[in-house]
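Here is the structure we will look at.
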Amino acid sequence: MNIDSIKNGIVIDHITAGKAMEIYKFLGLENLCCSVAIIKNAPSKKLGKKDIIKIDSDFDVDIDILAYIDPDATVNIIKNSELVEKKKLKLPEKITNVIKCKNPRCITTTEQELTHIFKLTDKQNRIYRCVYCESKAK
Ligand code: ZN
């Protein structure tokens, strides 16, 4: 793949430097059959350094997961080699089954079938808490 010219696909830009692999893992990009390019430490005017992920297919990116990991990233949708849409991310109010509670006494540790739900409790500091035990997500 020529990484500069995606015909139909997605470019996740302005990723905080060092977060590309985490995003790759959480979005399940290893399961894709198409070309995926990860560019690390690309020069950025705004951030100094940034990571970029290019996906050579019209993969349906889970915006909520992406926003949870890196709310400053931008998603560019490319169709016929042209930028057709630029999506800004917004912190999701709730994330379901993305991360697990680390509190060993949390009910989700013993009740394996429970859904893992975290709620945004502090927007400014991007704090998510487990809805069962109120432990912080990170
Ligand atoms: Zn919990």
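Read the numbers this way: they start at 1 and go in the same order the structure lists the ligands and their atoms. Note that the structure is predicted; figures quoted are calculated from it, not measured.
Under a hydrophobic clustering in which Ile, Leu, Val, Met, Phe, Trp and Tyr are joined whenever their side-chain heavy atoms come within less than 4.5 Å, directly or via other members, L89 and F26 fall into the same cluster.
To the nearest 0.5 Å, atom CG of residue D51 and atom NZ of residue K40 are 6.5 Å apart.
Here the Zn ion (ligand 1) has protein N, O or S atoms under 2.8 Å from it, and they come to 4.
T108 meets the side-chain contact (heavy atoms from CB on, under 4.5 Å) test with C101, C106, L114, H116, Y132; sequence neighbours excluded.
With a 4.5 Å cut-off on side-chain heavy atoms, I65 and L27 count as touching.
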Exercise. When you look at I10 and I78, which way does the side-chain contact (heavy atoms from CB on, under 4.5 Å) test go after all the steps?
Worked result: CA-CA 6 Å; I10 289 148; I78 316 285; over 6 Å; no
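No option in K50, K54, K46 other than K50 meets the salt bridge (charged side-chain N to carboxylate O under 4.0 Å, His left out) test with D13.
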